[in-house]
**Q** 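Here it is: the structure, laid out below.
Letters go in sequence order (proteins before strands), and every chain restarts at 1.
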There are 4 protein chains.
Amino acid sequence: MQIAVFGTGRIGQVHARNLARMDGVALSHLVDPVDSPARAMLAETTGARIASPEEVFADPQVAGIVIASSTDSHADLLLAAVAAGKEVFCEKPISLDFATVQRVAAEAEAAGVNVMMGFQRRYDPNFRAVRNRIADGASGSLEQLVMQSRDPSPPPVSYIKTSGGFVRDSAIHDLDQARYMTGEEIARVFALGACKVDPEIGAAGDIDTLAITLITQSGRMIQMSNSRRGPMGYDQRLEAHCAHESLFIDNGPQTDIRIATSAGEMKAPPQDYFIERFARAYADEMVDFVAMIRDGKAPLATIRDGLEAQRLAEAAIVSIKTGQPVDLSPNWQPGAI
Amino acid sequence: MQIAVFGTGRIGQVHARNLARMDGVALSHLVDPVDSPARAMLAETTGARIASPEEVFADPQVAGIVIASSTDSHADLLLAAVAAGKEVFCEKPISLDFATVQRVAAEAEAAGVNVMMGFQRRYDPNFRAVRNRIADGASGSLEQLVMQSRDPSPPPVSYIKTSGGFVRDSAIHDLDQARYMTGEEIARVFALGACKVDPEIGAAGDIDTLAITLITQSGRMIQMSNSRRGPMGYDQRLEAHCAHESLFIDNGPQTDIRIATSAGEMKAPPQDYFIERFARAYADEMVDFVAMIRDGKAPLATIRDGLEAQRLAEAAIVSIKTGQPVDLSPNWQPGAI
Amino acid sequence: MQIAVFGTGRIGQVHARNLARMDGVALSHLVDPVDSPARAMLAETTGARIASPEEVFADPQVAGIVIASSTDSHADLLLAAVAAGKEVFCEKPISLDFATVQRVAAEAEAAGVNVMMGFQRRYDPNFRAVRNRIADGASGSLEQLVMQSRDPSPPPVSYIKTSGGFVRDSAIHDLDQARYMTGEEIARVFALGACKVDPEIGAAGDIDTLAITLITQSGRMIQMSNSRRGPMGYDQRLEAHCAHESLFIDNGPQTDIRIATSAGEMKAPPQDYFIERFARAYADEMVDFVAMIRDGKAPLATIRDGLEAQRLAEAAIVSIKTGQPVDLSPNWQPGAI
Amino acid sequence: MQIAVFGTGRIGQVHARNLARMDGVALSHLVDPVDSPARAMLAETTGARIASPEEVFADPQVAGIVIASSTDSHADLLLAAVAAGKEVFCEKPISLDFATVQRVAAEAEAAGVNVMMGFQRRYDPNFRAVRNRIADGASGSLEQLVMQSRDPSPPPVSYIKTSGGFVRDSAIHDLDQARYMTGEEIARVFALGACKVDPEIGAAGDIDTLAITLITQSGRMIQMSNSRRGPMGYDQRLEAHCAHESLFIDNGPQTDIRIATSAGEMKAPPQDYFIERFARAYADEMVDFVAMIRDGKAPLATIRDGLEAQRLAEAAIVSIKTGQPVDLSPNWQPGAI
């Protein structure tokens, strides 16, 4: 089966290398308008050839397309791929504009083409196993979900400015987890946001620290604590308190070494950063993308999940601005506030 | 120095035994209207004698009084002790009625008598060391505080009915920690409450599951997750995310044994219950109570702290009922809602 | 029941205070020839009175005697107590001279008086639970036992000189554990010893670092690694590998706090030192001493255990000196080597 | 640079796939006499072609050869590769016959061709970092080294019979670590061996349980505890006690999930088996093999290290048989015993 990857930046390389090492899959094309050394090396190591979007869409051998290019290109490429009848894997977000997200999701669904979204955390063996254990009923009813999500350090302000803001750019992963872990839609959002880490982020109109509370339709309580700065590095943890057991997802340490002195016992800091922490998740994503194309297997994250996570992000932003909880309905969308 | 203990129930016994083993302190009297075997054994082992409240208040040798009797007797005993010029240690709460709490606190403060409140968690070596480390500036500015608080299992409904409810009875310890850890007053409270554990608790008009968000006056974010049921037992943890480091208080396990099989590696469950988990804290409380009497040393928890923690509890209850955040001011009190 | 404590030094105080706080037990006498402030304070807090050995032995009310005086007085006091018909708890060692140990053990056993030995580690909840779990068969056959035993730092050379040496003074606790954990006698000892920590210890004719291998009569393998210096402090751990599971006894940390930065996650160092680490064990020892007197309950460590542990120590010393393994028999004793 | 892999079994596949994904390296040939589906799939995914040994040795483009074929072919292939002027990576052991190992090592060293040995544990990030930290002096002088090494379960007896026995087949990795961690030769070996796990192993003339003590030339003490059965699975741990700090290498768990109930807190079992546990080590081995060819960089394990580890294995076997310690010299070899 032939698959093409659009974008040869950091995440595009991850997907391309994962596809190249899979038995029975051929990474056929790499699409990137910029002729960089990274693009050349990636082509040499994987054996894929550099191509234009048009070539890829026109090639009947290409069964699937991975969109890992810049965010502003996602919506158009996705619709073009759908039009060409290719199955699609698209990195989040579809667009920073919620109306565009709604429109693209509607068109893709109307076309009946499978679109898988890049919420890689759903494919992480830890998050996935905890979610499955809860869904299987082994843990008893999930009552309280608490998530911690911190990046090692804030990105440059230049990135902040095009990112869509902390909620849409980063907390969206945790908002998606809220739906994934509970298997439910969210009924209510109350969010606090502030700029505590880097005043330049505040000057750019964004925030860097969050405390979000969600209530699911059945009344489960979810608390998220997010920051652009993790004192220990990349801090991504979850605890799920159920009727029979409490489940914890810890940070995986960089090594399995401990060093003990009279000052205490030191363990290694968490894997740094998402490329390392979620290496296995990215690999498993591609396995499922191939399984979706080959066998019609439903992926863990669809374009509908992309839409709903972005709806939650918009609601959280409204709550931060108004200081009030926001009640959600299936068609809720942000108005002028 | 002579000290009398009122109440020979579970917590009264803890205080009496701790006082009896202190060098230079004499546990002189035990006051309890009920002539139980526990009262007799306690008197025999500690060498204290059974007395009436009047005897104790009238005895000029008695320098301090520990009130560990039933909640409904706290307010009157506290005021009587103050009137007799005795320094007081009083278990929380002063009263389940907020107006009474305000009145007693005002009278005690007006009388100029030292009153120490039984928020033992402030004396726990873990909570205390983390609080001091943050207060000393070693951790950098505290930005986010996340607390987990679960009891092993819900108490009988008969207890629930006289407890004042989950927030006033139990979550008040965590609300107190919010002020203790940050060294600040709380500006805003948003609380979710539900009955998820035991329908009988709901039938009795109470809740058993909480998710509370606080904002301090300077804008620090605090999240608390509370339940009457801890799947692992008594689950009392805290994480404090500061500019330079993240601090964690874990549950202390019952043993230091691990058992490993191909199913995994099993560690012992947490110490169970508060008498064990906070054994050292209760001992250190009495040390400080004696130091307050002997040297005028300020205790970690005063009657003012008791009042403010109860104000937060009342505000949380209002928020749960209205579904809206509650803004606090120094004189805020619950109205008719 | 009245009990007397001989010796008001560090360990005598521990035993005296533990006895004083037990319901139904009276600490009646303290015996110590030196009139120290510690002795006076201990008498005041516990309510015991200072007495001579003769008074205690002659007092028919005294049922039990705790010998926690200096090592060179143990043998004579033990025999005098036995002669007076008192049941005895004796701190290890009975004597540094193995022939004396054999003689005292034989006399005490002939007299039929119960003598309990102060191998407190047998009463530690961790060691005890692991031993019982193995003995109950829950773990399957024990095959390999690995022990780590390190003191925080070497004692002064003045202590070393009267201590009997590292093996008799310290490693004897681990040698005793070998018998306690396996429930077997030892068939063979191979020991390495060296002076690696403090050259003054070597100059005093002692060693400070050990690697001992034992084989039990049924062929179980035991490895011990001992040092007078623990880089992390007091390091006392054990792992038992059985047919069905591996059991681990870890050091209990001083606090339940973790501090995480980008350098790693720091846990508190181990409890320091044996008074803290084995506080519960010392208390439970006295409970069992009282139960031995009151109910004839067999203690976890008898004078026979004291004798056998010292035999192992002597054999290890011979192995270190000769560089060869030593085969043990029930009557083995060190000859001239 | 072109590299050929001999052997397409489990470990040959690992090396081949690692080479195929390296930038700037071409996996050119696969050599395996058996035409299996695994060989075909490996050739398809990596793009390498199936070849005979002769073709590979004759091809001037091939710079390096990885020998991962069956043990009995190692010695001849290694010498043939050396004769052809190819640099070699060879899985351990060179041969189960010590005289052959000595002869091959001597010939390879005489030819001046670089030969790297497959002691992958030296490349494990944990073992490597601990070794480097000690070698750099950061930990102070290493005094005691304690290793645990257990396989998940014993292999079939058919494997045992051709394996060379537990010491030569498995404990050799730990014996190699003893030299790697201390940077020293071993002066003395005392080993206990027994059959405790599977009577069939004993019937086949082998053992399954070991307790080995080593002393280095400078007097460092090393203890190893090995078993063919790990109750928890693949149990590979090390602790190094140095003057300033104690270093620990733990098993990496299969997941970062903990599940807590009132029975305790369960962590995932160790990664299972060596392919998973040492996945990174195998990848880094190939990186260094390429660096050896390209830049002449010394690998972490040479053919000389292979020889010395096997010498230790032979000495341990002698000690087990005689029950006595064995003193080593540079030319020690097993005689008739």
Side-chain angles (χ1 to χ4, degrees), chain B residues 126 146-156 170 174 196-198 208-209 211 224-239 241 246-278, chain D residues 126 146-156 170 174 196-198 208-209 211 224-239 241 246-278:
Chain B
N126 298 305
V146 181
M147 285 183 265
Q148 306 298 318
S149 184
R150 291 176 181 81
D151 283 338
S153 54
S170 174
D174 307 283
K196 292 179 171 296
V197 173
D198 183 351
D208 51 33
T209 309
M224 299 165 37
S225 180
N226 296 57
S227 177
R228 283 283 191 194
R229 172 177 59 199
M232 73 175 85
Y234 192 45
D235 182 17
Q236 303 290 331
R237 290 171 293 118
L238 176 150
E239 43 190 277
H241 300 283
S246 291
L247 299 108
F248 297 84
I249 300 174
D250 295 328
N251 294 314
Q254 285 177 25
T255 71
D256 297 306
I257 297 170
R258 284 174 293 136
I259 300 179
T261 68
S262 59
E265 188 180 292
M266 184 70 103
K267 215 182 76 171
Q271 285 155 27
D272 193 44
Y273 183 24
F274 61 92
I275 298 291
E276 289 73 28
R277 169 77 179 256
F278 292 112
Chain D
N126 298 304
V146 181
M147 284 183 265
Q148 307 298 318
S149 183
R150 290 175 183 82
D151 282 337
S153 55
S170 174
D174 307 283
K196 292 178 171 297
V197 174
D198 183 351
D208 51 31
T209 310
M224 298 164 39
S225 181
N226 296 57
S227 176
R228 284 282 191 193
R229 172 178 60 200
M232 74 175 83
Y234 192 45
D235 182 16
Q236 303 291 331
R237 290 171 293 117
L238 175 150
E239 42 189 277
H241 301 282
S246 292
L247 300 108
F248 297 84
I249 299 174
D250 296 327
N251 294 315
Q254 284 176 26
T255 72
D256 297 305
I257 297 170
R258 284 174 293 135
I259 301 178
T261 68
S262 59
E265 189 180 292
M266 185 70 102
K267 214 181 75 171
Q271 286 155 25
D272 195 42
Y273 185 24
F274 60 93
I275 298 291
E276 289 73 28
R277 171 77 179 258
F278 292 112

**Q** Which pair of heavy atoms, one from Pro231(D) and one from Ala260(B), lies closest together, and at what distance?
**A** CB-O, 4.2 Å
**Q** Below 3.5 angstrom, are there any donor-acceptor pairs between chain D and chain B, and if so, which atoms and how far apart?
**A**
unit_1	atom_1	unit_2	atom_2	d
Pro231(D)	O	Ser262(B)	N	3.0
Ser262(D)	N	Pro231(B)	O	3.0
Glu265(D)	N	Lys267(B)	O	2.9
Glu265(D)	O	Lys267(B)	N	2.8
Lys267(D)	N	Glu265(B)	O	2.8
Lys267(D)	O	Glu265(B)	N	2.9

**Q** Among Pro152(D), Gly230(D), Pro269(D), Pro253(D), who wins on heavy-atom pairs under 4.5 Å with chain B?
**A** Pro269(D)
**Q** Locate the shortest heavy-atom distance separating Met266(B) from Gly264(D); write the atom from each residue and the value.
**A** SD-C, 3.5 Å
